[in-house]
Amino acid sequence: MAGGLERVYGTEEDKVNCSFYIKIGACRYENKCQRIHSIPPISQTILFKHMYQNSPMEVAIASGNAVSQAGIEEALEKFENFYEDVFLKLAEFGEIEDLIVCENIGDHLVGNVYVKYTSEYYAEGCFNALQNLSYENRPLQMEYSPVLDFSSAKCKQYIDGTCQRGGACNYLHLKKISTKFKKSLFNQMYEEHPDFKEKKEKENIEKSPKKHKKKEKKSKKKKSSSSRESSRRNSIERQKMINDWNETGIQNVSQAQKLMYGNNMPAPVYTPKVSMRTSPELLQLQLQLAALKEQLAAIKMS
């Protein structure tokens, strides 16, 4: 009997607990749901409800509507400023494993921010420290989340560019962010909190001491004379990093164009001088690809 309950727990067969809440951390029926939403007493993941405020331009992007180049640039700049601000603040309480922001525009998911720490200890410290505080003059709405695996909460069709529900989808549509930009924030976290990295290295040594000894021998052979980069980069270094990100994004756009147009590829109109951390041209192309996939899917169905 107990084994049967464990098998159905959190699935659509579970008639007691809400499978959507367990998987996504939010349910469109909210308090009116006929099944139980069991908020865990503690978790590695904290949900900040409706923390991010979408601009009308961002709502249009999430809905799949046509958006101007200037509008995309403005939306990206706004979001990445928010992401950096929140990431570095939350990193003060412990080592972050991941930070995601929903692009969905449904009432139960709009503006939701999830942070997953590497341990419940860090999450509890953050949760207690931020009680009764506000962000941009709005009180923080926090709760521990049952979601520990974001991969099962993400919309697979959205990742493939084939989701027909758009921003109204009940699975997570994550706001896109440059991989290099995100990696730089993690590097900055470890620079400002070296104890996080030391703790992780210690745990790795305890798990596999033989592998660590091999790595230690290799590192002794390779002596690096380069000094450690400052945790807070100056404006010149930051601008160079932004330009590098743009160039990478433009290369990705060129590759995607070749796949789309073959030998009839139009002349490039991209400019690497735009001070954006995520290439707006790349996002525009992704939206175009998603629209093409939807058209192909409609043709196949007809």
Side-chain angles (χ1 to χ4, degrees), residues 10 21-26 37-53 79-103 109 111-136 138-154 172 174-209 211-212 215 228-233 277:
Y21 179 77
I22 293 168
K23 188 182 291 187
I24 312 296
H37 293 180
S38 298
I39 300 174
I42 193 167
S43 171
Q44 286 176 242
T45 306
I46 299 173
L47 165 62
F48 296 86
K49 292 183 176 181
H50 318 307
M51 184 181 183
Y52 183 73
Q53 294 291 291
F79 171 62
E80 289 183 331
N81 285 338
F82 168 88
Y83 193 93
E84 180 179 24
D85 183 33
V86 171
F87 185 99
L88 296 178
K89 180 61 181 177
L90 295 177
E92 293 178 7
F93 306 106
E95 184 184 2
I96 293 173
E97 186 173 312
D98 203 359
L99 176 69
I100 63 172
V101 182
C102 293
E103 190 172 63
L109 288 174
N112 283 1
V113 177
Y114 296 78
V115 59
K116 183 182 178 185
Y117 285 97
T118 55
S119 74
E120 292 179 351
Y121 173 79
Y122 290 141
E124 186 178 23
C126 172
F127 194 86
N128 293 336
L130 298 182
Q131 288 292 327
N132 303 317
L133 295 184
S134 299
Y135 183 82
E136 293 186 345
R138 290 180 299 105
L140 291 173
Q141 301 178 58
M142 294 186 299
E143 65 180 44
Y144 288 118
S145 174
V147 182
L148 297 177
D149 180 12
F150 291 130
S151 62
S152 62
K154 295 175 187 176
L172 300 187
L174 305 189
K175 282 186 170 291
K176 296 177 178 65
I177 194 160
S178 162
T179 303
K180 284 192 174 184
F181 174 52
K182 192 171 183 178
K183 187 177 179 181
S184 76
L185 293 177
F186 274 93
N187 289 339
Q188 187 168 335
M189 174 181 71
Y190 288 124
E191 287 168 0
E192 294 182 353
H193 308 278
D195 51 309
F196 296 165
K197 206 164 192 176
E198 288 167 7
K199 185 182 177 183
K200 184 177 280 187
E201 287 173 355
K202 189 178 179 182
E203 288 173 354
N204 290 337
I205 293 168
E206 291 171 354
K207 286 179 183 177
S208 53
K211 285 184 180 180
H212 178 73
K215 286 181 181 179
R228 194 174 199 179
E229 185 185 11
S230 171
S231 60
R232 288 281 183 181
R233 299 170 180 84
R277 293 166 233 173

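Because the structure is predicted, anything quoted here is derived from the model rather than measured.
- Tested against Tyr122 for a side chain to side chain contact (heavy atoms under 4.5 Å, CB included), the candidates Lys116, Glu95, Glu97 yield a single pass: Glu95.
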Under the criterion side-chain contact (heavy atoms from CB on, under 4.5 Å), I'd like the reasoning laid out for Val115 against Val86: C-alpha separation, chi angles, the key distance, then a yes or no. CA-CA 10 Å; Val115 59; Val86 171; over 6 Å; no
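- Separation of atoms OG (Ser184) and CZ (Phe87) is listed at 9.0 Å; rounding is to 0.5 Å.
- Side-chain contact between Gln131 and Met142: present, with at least one pair of heavy atoms (C-beta onward) separated by less than 4.5 Å.
- Nearest heavy atoms, Gln44 versus Ala123: O-CB, 3.7 Å.
- Here NZ of Lys23 is found 10.5 Å from CG of Asp149. Values are rounded to the nearest 0.5 Å.
- Closest heavy-atom contact between Ser43 and Ser145: OG-O, 2.7 Å.
- Ring orientation note: the planes of Phe82 and Tyr135 are nearly perpendicular, at an angle over 60° on the 30°/60° scale.
- In this structure, the side chain of Tyr83 engages the main chain of Leu99 through a donor-acceptor pair within 3.5 Å.
- Checked against the 6.0 Å centroid criterion, the rings of Phe93 and Phe127 do not qualify as a close aromatic pair.
- The SG atom of Cys102 sits 8.0 Å away from the CG atom of Leu47 when rounded to the nearest 0.5 Å.
- No donor-acceptor pair under 3.5 Å is formed between the side chain of Asn112 and the backbone N or O of Lys49.
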Chi angles and distances behind the side-chain contact (heavy atoms from CB on, under 4.5 Å) call for Asp98, Tyr114: CA-CA 8 Å; Asp98 203 359; Tyr114 296 78; over 6 Å; no
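- A heavy-atom distance below 4.5 Å is not found between the side chains of Phe196 and Ile96.
- A donor-acceptor pair is defined here as one N or O able to donate and one able to accept, closer than 3.5 Å; such a pair exists between the side chain of Thr45 and the backbone of Val147.
- One distance of note links CE of Met189 with CG of Leu90; it measures 11.0 Å at 0.5 Å rounding.
- Between the NZ atom in Lys197 and the CD atom in Glu191 there is a gap of 8.0 Å [rounded to 0.5 Å].
- Close placement of the Tyr52 and Phe79 rings is indicated, their centers lying within 6.0 Å of each other.
- Put simply, CD1 on Ile46 and OH on Tyr117 are 5.5 Å apart, with the number rounded to the nearest 0.5 Å.
- Side-chain atoms of Asn128 come within 3.5 Å of backbone atoms of Glu124 as a donor-acceptor pair (strictly under, hydrogens ignored).
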